[in-house]
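Written out below as structure tokens is the structure these notes cover.
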Amino acid sequence: MSVSTAVSYTDEATGQVDIKEQYLESLTLIERLHRQLLDVIKDELDRTGQGDVNSVQALLLFNIGDSELTAGELRTRGHYLGSNVSYNLKKLVEAGYIHHERSELDRRSVRVRLTEKGRQVWKLVAALYDRHISAITEIGVLADDDLGAINKVLQQIERFWADQIRYRL
């Protein structure tokens with residue numbers, strides 16, 4: 001990747017790369033990036049006067065998009081990272097961002113989809129992402145293949161963690 005860092009991961013005595021330091025820094029970066037994304041979305045909501053929805057809810061609306069999903073599907077598909085998805089869905093229904101309807105097959109299950117008001121927030125986040133993509137491309141923050149390489153590595157970590165849970169490794 002073209003991004004350089006001033007952090008050294010090489011043990012001066014042995015000349016070996018310290019994988020533990022790299023792993024722990026990666027974990028910290030993943031957490032920090034998610035929080036920073038929420039801050040960027042909050043800033044955009046504030047600038048556009050969308051005070052009745054928070055950044056977690058806006059990201060949830062963006063991830064629902066054109067789909068019609070249950071709360072469980074939002075979690076299993078990775079569209080929602082928090083533990084309180086039901087609370088946020090309830091708040092979004094009350095505020096008119098999401099329409100909910102009981103499933104005909106399983107009355108316990110509720111399917112959700114965006115209302116027109118929810119689609120407006122989706123458009124706001126989509127436009128924000130489009131501006132980011134344009135800026136990354138214009139400024140040259142990343143080389144052409146950097147995002148692909150980053151995604152590949154993150155998918156490998158995701159698969160590793162899923163296997164740790166699935167196979168109790």
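Note: hydrogens, waters and symmetry copies are ignored here, and every other heavy atom, side chains too, is used.
Remark: E68 CD is packed, more than 12 non-hydrogen atoms of other residues, nucleotides or ligands lying under 6.0 Å away. No more than 12 heavy atoms of other residues, nucleotides or ligands shown are found within 6.0 angstrom of CG on D66. For N151, the CG atom sits in a packed shell: over 12 heavy atoms of surrounding residues, nucleotides or ligands are nearer than 6.0 Å. Counting non-hydrogen atoms of neighbouring residues, nucleotides and ligands closer than 6.0 angstrom, the NE2 atom of H132 exceeds 12 such neighbours.
Between R35 and D39, no side-chain nitrogen of the basic residue sits less than 4.0 Å from a carboxylate oxygen of the acidic one, so the salt-bridge criterion is not met.
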Exercise for review: Step by step, work out the side chain to side chain contact (heavy atoms under 4.5 Å, CB included) result for I41 and L128.
Suggested key: CA-CA 8 Å; I41 292 171; L128 173 67; 4.1 Å; yes
Check your understanding: Does the pair S134 and E138 meet the rule for a side chain to side chain donor-acceptor pair (under 3.5 Å), with working shown?
Key -> CA-CA 6 Å; S134 178; E138 288 176 24; 3.0 Å; yes
Practice item. Applying side chain to side chain contact (heavy atoms under 4.5 Å, CB included), run through V141 and D146 and close with a yes or a no. Key: CA-CA 10 Å; V141 173; D146 282 346; over 6 Å; no
Review point. K117 and L61: side chain to side chain contact (heavy atoms under 4.5 Å, CB included), yes or no, with the steps?
Key: CA-CA 10 Å; K117 189 175 177 183; L61 292 170; over 6 Å; no
Check your understanding: So D163 and R166, salt bridge (Lys or Arg N to Asp or Glu O under 4.0 Å) or not? Walk me through it.
Key -> CA-CA 5 Å; D163 287 349; R166 186 176 302 118; 3.0 Å; yes
Practice item. Show your reasoning for whether side chain to side chain contact (heavy atoms under 4.5 Å, CB included) applies to V93 and K90. Key: CA-CA 5 Å; V93 168; K90 178 183 175 206; 5.8 Å; no
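Panel note: side chain T28, backbone L24; a donor-acceptor pair is recorded below 3.5 Å. In this structure a side-chain-to-backbone donor-acceptor pair under 3.5 Å is present from T115 to G96.
Rounding to the nearest 0.5 angstrom, the gap separating the CG atom in L154 from the CD atom in Q156 is 9.5 Å. From D145, atom CG reaches atom NZ of K152 across 11.5 Å, with rounding to the nearest 0.5 Å. Remark: I30 CD1 to I157 CD1 distance equals 5.0 Å, nearest 0.5 Å. To the nearest 0.5 Å, the span separating CD on E73 from CD1 on I64 amounts to 11.0 Å. The line from CD of E101 to CZ of R111 is 9.5 Å long, rounded to the nearest 0.5 Å. We find the NE2-CG distance between H34 and L59 to be 6.5 Å, quoted to the nearest 0.5 Å.
Y97 and Y87 end up in different hydrophobic clusters when Ile, Leu, Val, Met, Phe, Trp and Tyr side chains are linked at under 4.5 Å. Residues L37 and V121 share a single hydrophobic cluster, defined by chaining ILVMFWY side chains whose heavy atoms lie under 4.5 Å apart. Hydrophobic cluster membership differs between I133 and L142, with clusters built from Ile, Leu, Val, Met, Phe, Trp and Tyr side chains linked at under 4.5 angstrom. Grouping the Ile, Leu, Val, Met, Phe, Trp and Tyr side chains by contacts below 4.5 angstrom, directly or via other members, places L29 apart from Y23. Under a hydrophobic clustering in which Ile, Leu, Val, Met, Phe, Trp and Tyr are joined whenever their side-chain heavy atoms come within less than 4.5 Å, directly or via other members, L33 and L147 fall into different clusters.
Side-chain contact between L74 and N63 is absent, with no heavy-atom pair separated by less than 4.5 Å.
Minimum heavy-atom separation, S55 to L38: CB-O, 3.1 Å. Scanning both residues, N54 and Q57, for their nearest heavy atoms gives OD1-N, 2.8 Å. Between V112 and H100, the shortest heavy-atom distance links the atoms CG1-CB, 3.9 Å.
Y129 and F62 have perpendicular rings, their planes meeting at more than 60° on a 0 to 90° scale where under 30° would count as parallel.
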